[in-house]
Asker: 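This is the structure, below, for whatever I ask next.
Here the structure is a predicted model, which means the values were calculated and not measured. So that the names make sense, note that chain A is the first sequence line, chain B the second, and so on, each numbered from 1.
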Amino acid sequence: MTAAVVLTPVSAPVADHVLVVALDGALDYTNAERLRQDVEAALGEEHRELVLDLSGMDFCDSTGIRILLSVRKLMQERDGAVTMASLNARLTRIFKLTGLTSAFTLAASLAEAVAAVGARSTPR
Amino acid sequence: MVDHRRQWPITDDLAALRENIQRYALRAGLTGSRLDDLVIAANEAAINVLEHGGGAGTLAISCDGGVLAVDVADHVGVLRPGAVPDERPTGRGDRGFGLWLMGELCDAVTIDRVPGQSTIRLSMQVGDGADDEGAAPVGRSARPV
């Protein structure tokens, strides 16, 4: 089995309803379900917005995409969204091909992603 | 160029399989975004075997006459020639989606079927000029995955 994608909370200047995490590793058929569980476990009741720093993610296959879409659905149910930062060339390629670039907010850097979330939403 | 054929079993160690494919393809002259495309497509073919093709199979890679070929065989033989959709399937979860993706990523995708075994062949040209699009220095995306 591919090593589990490591999920690390990131401290960033964000409001309490925003969760920022970095994902490191390769997301594929063998470890995608595990990541969904880890994301769900990391989310607190207060979190409506999720920011994923993908600068350390080397690979994502169609199963990984399915999991990211289920995470997106989870956040939509909370009236929020998922913002992704710093995709490498390979991730950008598969995201574009599969139409995911329109399903998520993509940012060139984590700072840009945090700014986009801050501009979009205000705490309840 | 004729290169030695290499073969590996398809198991749940997809990371090692991707690394093997990447190393071979890079040595055969595939670089940049086209190398990424082949690795993504081969991974899709392998997970198709794990998910729909009985859970076991083999992946072989060879290079002959400027064509790099990845052959992914299952031990079920349900997948038929002509199964690669021209249009993107709406459901992301079905086998057709992965097949469509392979068709988008590779120069050619063909399926060969004999009783008890279906083989998907993913082909990429590695000859001069074939990788003009998105060609990048070797190593740009050579990080093991």
Side-chain angles (χ1 to χ4, degrees), chain A residues 1-7 22-38 53-76 82 84 86-104 106, chain B residues 10-22 25 31-53 55 87-106 133-137 139-145:
Chain A
M1 188 175 291
T2 307
V5 171
V6 178
L7 183 153
L23 301 183
D24 291 276
L27 183 59
D28 68 23
Y29 174 73
T30 64
N31 64 10
E33 182 56 35
R34 164 77 189 272
L35 178 70
R36 194 166 65 90
Q37 292 168 9
D38 288 350
D53 178 357
L54 299 186
S55 57
M57 186 172 278
D58 296 323
F59 185 85
C60 176
D61 70 8
S62 64
T63 329
I65 283 167
R66 232 184 305 173
I67 293 303
L68 291 173
L69 284 169
S70 78
V71 169
R72 172 182 181 249
K73 194 175 173 202
L74 199 67
M75 301 315 292
Q76 281 178 332
V82 180
M84 298 183 176
S86 309
L87 281 70
N88 74 9
R90 182 148 43 182
L91 258 64
T92 304
R93 172 80 169 137
I94 195 161
F95 274 43
K96 273 189 185 154
L97 262 181
T98 54
L100 275 199
T101 46
S102 54
F104 294 96
L106 300 184
Chain B
I10 295 168
T11 68
D12 68 356
D13 194 353
L14 291 173
L17 191 64
R18 288 193 294 270
E19 206 170 319
N20 283 329
I21 296 161
Q22 171 142 327
T31 57
S33 63
R34 285 173 59 77
L35 175 62
D36 286 344
D37 289 357
L38 182 69
V39 172
I40 295 168
N43 181 87
E44 290 299 320
I47 66 178
N48 257 345
V49 169
L50 293 177
E51 202 167 12
H52 309 284
E87 308 239 323
R88 178 179 145 172
T90 47
R92 284 192 173 85
D94 60 16
R95 191 171 192 174
F97 187 75
L99 288 167
W100 169 79
L101 206 50
M102 292 174 225
E104 293 294 301
L105 292 164
C106 298
E133 185 201 343
R140 187 203 68 162
S141 52
R143 197 146 53 125
V145 291

Asker: What distance do A/Thr98 atom OG1 and B/Arg88 atom CZ have between them, rounded to the nearest 0.5 Å?
Answerer: 6.5 Å

Asker: What residue in B/Leu17, B/Leu101, B/Asp37 has the most heavy-atom pairs under 4.5 Å with chain A?
Answerer: B/Asp37

Asker: Is it the side chain or the backbone of B/Leu50 that comes within 4.5 Å of chain A heavy atoms, both, or neither?
Answerer: both

Asker: Taking only residues two or more places apart in sequence, or in another chain, which ones meet A/Thr30 in a side chain to side chain contact (heavy atoms under 4.5 Å, CB included)?
Answerer: A/Met1, A/Thr2, A/Asp28, B/Asp12, B/Leu14

Asker: Say you draw a straight line from CG of A/Asp58 to CZ of B/Arg18; how long is it, rounded to the nearest 0.5 Å?
Answerer: 9.0 Å

Asker: For the candidates B/Thr11, B/Ile47, B/Asp13, which exhibits the highest count of non-hydrogen atom pairs separated by less than 4.5 Å from chain A?
Answerer: B/Ile47

Asker: From B/Asn43 CG over to A/Thr63 OG1, what is the distance, rounded to the nearest 0.5 angstrom?
Answerer: 7.5 Å

Asker: For residues B/Gln22 and A/Arg90, report the shortest heavy-atom separation together with the two atoms involved.
Answerer: OE1-NH1, 3.4 Å

Asker: Taking only residues two or more places apart in sequence or in another chain, which ones pass side-chain hydrogen bond (donor to acceptor under 3.5 Å, both in side chains) with A/Glu33?
Answerer: A/Arg36

Asker: Say you draw a straight line from CD1 of A/Ile94 to CG of B/Asp36; how long is it, rounded to the nearest 0.5 Å?
Answerer: 10.5 Å

Asker: Please report the interatomic distance CZ(A/Arg93) to CD(B/Glu104), rounded to the nearest 0.5 Å.
Answerer: 8.5 Å

Asker: Which heavy atom in B/Glu44 sits nearest to a heavy atom in A/Ser62, and how many Å separate them?
Answerer: OE1-OG, 2.6 Å

Asker: Drop me the distance from B/Leu105's CG to A/Leu97's CG, to the nearest 0.5 angstrom.
Answerer: 5.5 Å

